[in-house]
Number of protein chains: 2
Amino acid sequence: MKPLNDDLAYDLGDFFKIFGDPSRIKILYALLQKDMCVSELVGELGLNQSALSHQLRLLRQNDIVKFRRDGKMVIYSLDDEHVGILLRNGIEHLSHKNAYEGEEVSE
Amino acid sequence: MKPLNDDLAYDLGDFFKIFGDPSRIKILYALLQKDMCVSELVGELGLNQSALSHQLRLLRQNDIVKFRRDGKMVIYSLDDEHVGILLRNGIEHLSHKNAYEGEEVSE
DNA sequence: TCAATATATGAACAACTGTTCATATATTCA
DNA sequence: TGAATATATGAACAGTTGTTCATATATTGA
């Protein structure tokens with residue numbers, strides 16, 4: 001049985017690391033509902049603008065979100081459908097262990 | 001639109017954090033092939049025994065792996081089917097961006 | 001019971017991460 | 001062009017993480 005390719009192990013780790021932070025989880029969950037600009041996200045989540053921008057850059061750099069400019073605003077959206085699948089998967093795992101049955105992740 | 005429940009955001013973050021490390025990814029990938037004891041894992045992966053045990057504890061504490069004792073050995077296995085799904089999902093995401101098309105995650 | 005083998009644990013430490021503050025850049029409109 | 005608004009970035013810092021080394025615990029068989 002061949003062990004996992006080293007590079008892939010690192011890249012997979014880096015990929016999942018992105019989801020390993022509550023702020024980013026909130027951002028992604030919010031963007032799962034609809035595309036939003038930065039100030040909209042600041043309003044929705046409790047994060048300050050700088051922290052948010054730093055996190056958005058990370059998400060951008062890892063192809064998790066994409067963005068487009070609209071006048072003064074920059075509108076972020078999820079890059080592909082994997083994000084939702086992943087979040088749903090995580091929530092489902094937790095719901096087996098804890099009491100989050102009520103939570104939903106919209107399509 | 002209600003923002004994501006704070007506790008859930010933290011727990012989801014903690015859950016994904018587990019997958020955010022190459023050593024743990026390798027461990028999980030190995031256990032996806034078959035159940036293994038610690039020394040078997042030490043052999044397969046390049047990790048030293050102590051590091052491995054520390055990581056296994058983390059995986060245990062987060063209900064990602066379970067274990068049974070068999071004589072002197074402790075045999076680890078994946079706790080549920082989500083792990084494989086998650087890994088496959090991650091690999092698929094990366095394959096869209098990079099050149100990992102060749103990699104497989106067995107059922 | 002003692003040595004050998006297998007695994008777990010605690011302390012210590014370097015490396016990494018997320019936030020904040022201050023400031024920079026970009027865009028619009030008067 | 002200049003003020004106002006929206007977003008991005010860099011430096012700094014505290015907190016967290018993964019590994020190593022040393023040592024502890026558990027199980028077996030002589």
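Numbers restart at 1 for each chain; the letters A, B, ... are given by sequence-line order, proteins then strands.
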Flag side-chain contact, heavy atom, 4.5 Å: B:V65 against B:L31: yes
Sidechain-backbone polar pair: B:R88 side chain, B:G90 backbone, donor-acceptor under 3.5 Å: no
Counting only side-chain heavy atoms from C-beta out, which of D:dA8, C:dT7, C:dA8 sits nearest to A:V74? D:dA8
CD1 of B:I75 versus P of D:dT27: gap in Å, rounded? 14 Å
Does OP1 or OP2 of C:dA6 have a side-chain N or O of B:Y76 closer than 4.0 Å? no
Taking CZ from A:R57 and P from D:dT9, how many angstroms apart are they, rounded to a whole number? 5 Å
What nucleotide among D:dA6, C:dT7, D:dT9 has an atom nearest to a side-chain atom of A:S53? D:dT9
Measure from the side-chain heavy atoms of B:M73 and tell me the nearest of C:dT19, C:dT7, D:dT28. C:dT7
Value in whole Å for how far the P atom of D:dA6 lies from CG of A:L56: 16 Å
Does B:R24 put a side-chain nitrogen or oxygen below 4.0 Å from OP1 or OP2 of D:dG18? yes
Selected nucleotide, minimal atom distance to B:S50 side chain, candidates C:dT7, D:dT19, C:dT9: C:dT9
Rounded off to whole Å, could you give me the CG-to-P distance for the B:N62 and D:dT17 pair? 11 Å
B:R68 CZ to C:dA6 C1', straight-line distance once rounded to whole Å: 16 Å
Stacking here means centres under 5.5 Å and planes under 30°; does B:H54 stack on C:dT9? yes
Decide yes or no for B:F19 and B:V83: does some side-chain heavy atom of the first lie under 4.5 Å from some side-chain heavy atom of the second? yes
Proximity to the side chain of A:K17 - top-ranked nucleotide from D:dT7, C:dT27, C:dT17: C:dT17
When you compare the side chain of B:R68 with that of B:D35, does any pair of heavy atoms fall below 4.5 Å? yes
B:F67 atom CZ is separated from C:dA6 atom P, nearest whole Å, by 18 Å
Are B:R69 and D:dT25 close enough that a side-chain N or O sits under 4.0 Å from OP1 or OP2? no
Take atom CG of B:L45 and atom P of D:dT19, then tell me their distance rounded to the nearest Å. 11 Å
What is the nucleic acid contact for B:S39, judged by heavy atoms within less than 4.0 Å: base, sugar-phosphate only, or nothing? sugar-phosphate
Are A:L86 and A:F15 packed together at the side-chain level, in the sense that at least one heavy-atom pair is separated by less than 4.5 angstrom? yes
Among C:dG18, D:dA8, D:dG18, the one nearest any side-chain atom of B:D21 is D:dG18
Side chain of A:Q49, base of D:dA6: donor and acceptor closer than 3.5 Å? no
Strictly below 4.0 Å, N to O, side chains only: are B:E44 and B:K34 in salt-bridge contact? no
Answer yes or no: does a side-chain N or O of A:Q55 lie under 4.0 Å from OP1 or OP2 of C:dT19? yes
What's the CG-P distance between B:L59 and C:dA8, to the nearest Å? 12 Å
